[in-house]
Amino acid sequence: MERKKFTEGRAYLVLYIIFTVGIAGHYTEKFFGLMLMITPYVLFLCGAFSIYLSGEFRSKKFLLWLLSAYVLTLLIEIVGVKTGMIFGEYSYGSVLGAGIGGVPLIVGFNWVLLILGSFNIARIAFKNNLLRCLLAAMLLVMMDLLIEPVAVKLGYWQWENAVIPLQNYIAWFVISLVAAISLVKFKLDNKSNSFMHYYISILIFFLMLNFINIK
């Protein structure tokens, strides 16, 4: 058991190393362009690695939830971009790679991983499912608060009149809450901490980029 935990710990460390390199690369003029170019691929590989570490790829129920959540979040984003009715008026740039309906394909995937990560943390914090779902939704909103300023500066997406509306954060909370409830309904109570480490590594990444930007 101890050996297994040690092996898992080293595997999780890979995520932190990758995003630490990313932080350094974003503030090194020589590698800045490269960092932007590989962003969607790094997100996909780190997300896929987290799924692999969790062992959930063996579960048909998990894969069904994963595919459903991916398609739904991607569709929500497409409707959001086209109408401005969900998050507000915004549009994606080219940094996040190929997409459909004006939305990069990696966006839905990252949504799913962050939902899993936030719920992973909430599962550890509370035994009550309602509290877990509420905390997971709040953690997603907190993540978006950190992501937004950096994402705009890096050209991930742009807001109309350069103003991030309150509507955006309300939408994040509602969508995240519904997604967390779906995890409860699907009885996907994974004991692996891989998704939590994915969430934390992303959190540190954007926290550091915000901190350096402020200075």
Side-chain angles (χ1 to χ4, degrees), residues 6-54 70 73-74 77 80-81 87-118 121 139-164 168-169 172 193-215:
F6 178 70
T7 302
E8 285 181 352
R10 288 193 298 180
Y12 299 149
L13 185 60
V14 171
L15 291 173
Y16 293 101
I17 291 173
I18 289 172
F19 284 103
T20 298
V21 171
I23 292 167
H26 276 78
Y27 287 93
T28 305
E29 186 176 349
K30 183 178 180 180
F31 297 107
F32 179 76
L34 175 63
M35 292 297 105
L36 292 184
M37 183 177 70
I38 65 175
T39 293
Y41 309 106
V42 170
L43 288 173
F44 175 76
L45 289 174
C46 287
F49 183 57
S50 298
I51 293 172
Y52 172 76
L53 290 177
S54 75
Y70 173 77
T73 51
L74 195 63
E77 286 277 357
V81 166
F87 303 97
E89 296 288 346
Y90 71 110
S91 60
Y92 283 96
S94 61
V95 176
L96 295 179
I100 182 171
V103 178
L105 295 173
I106 193 62
V107 168
F109 188 62
N110 201 49
W111 256 106
V112 171
L113 267 294
L114 290 178
I115 289 165
L116 288 166
S118 65
I121 296 170
L139 287 172
L140 260 295
V141 173
M142 182 180 74
M143 176 66 80
D144 190 45
L145 284 166
L146 288 175
I147 290 176
E148 290 294 346
V150 175
V152 170
K153 289 182 180 180
L154 295 180
Y156 292 3
W157 56 78
Q158 297 293 328
W159 291 96
E160 186 179 57
N161 301 320
V163 176
I164 305 170
N168 171 64
Y169 301 111
W172 266 73
N193 291 326
S194 64
F195 300 124
M196 175 182 72
H197 287 290
Y198 180 86
Y199 176 96
I200 294 174
S201 62
I202 294 281
L203 185 75
I204 293 172
F205 176 80
F206 283 103
L207 182 64
M208 291 305 298
L209 293 194
N210 270 289
F211 175 74
I212 299 173
N213 272 330
I214 290 171
K215 294 189 69 176

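For the numbers below, each heavy atom of this structure counts, side chains included, while hydrogens, waters and symmetry mates do not.
- At a threshold of 4.5 Å between non-hydrogen side-chain atoms, the residues Tyr169 and Glu148 count as touching.
- Side-chain contact between Leu203 and Leu139 is absent, with no heavy-atom pair separated by less than 4.5 Å.
- Heavy atoms from other residues, nucleotides or ligands lying under 6.0 Å from OH of Tyr52 number 12 at most.
- A donor-acceptor contact shorter than 3.5 Å is absent between the side chain of Tyr156 and the backbone of Ile147.
- For Tyr27 (side chain) and Leu209 (main-chain N/O), a donor-acceptor pair under 3.5 Å exists by modelled atom type.
- Taking CG from Asn168 and CG from Asp144, the interatomic distance works out to 5.0 Å, rounded to the nearest 0.5 Å.
- To the nearest 0.5 Å, the span separating CD1 on Ile204 from OG1 on Thr20 amounts to 7.0 Å.
- Leu154 places a side-chain heavy atom less than 4.5 Å from the side chain of His26.
- The closest side-chain heavy-atom distance from Tyr90 to Ile164 is not below 4.5 Å.
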Could you list the donor-acceptor pairs under 3.5 angstrom formed between side-chain atoms of residues 94-113 and any protein atom two or more places apart in sequence or on another chain?
from   : atom 1 : to     : atom 2 : distance (Å)
Asn110 : OD1    : Tyr198 : OH     : 2.5
Trp111 : NE1    : Glu77  : OE2    : 2.8

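- With rounding to the nearest 0.5 angstrom, the CD1 atom of Ile23 is 10.0 Å from the CZ atom of Phe206.
- At least one donor-acceptor pair under 3.5 Å links the side chain of Gln158 to the backbone N or O of Val152.
- Atom CG of Leu15 sits about 10.5 Å away from atom CD1 of Ile200, to the nearest 0.5 Å.
- Taking CD1 from Ile202 and CZ from Phe205, the interatomic distance works out to 7.5 Å, rounded to the nearest 0.5 Å.
- The shortest distance between side-chain heavy atoms of Ile18 and Phe49 does not fall below 4.5 Å.
- The side-chain heavy atoms of Phe19 and Met208, taken from C-beta on, include no pair separated by under 4.5 Å.
- Atom SG of Cys46 sits about 11.0 Å away from atom CZ of Phe44, to the nearest 0.5 Å.
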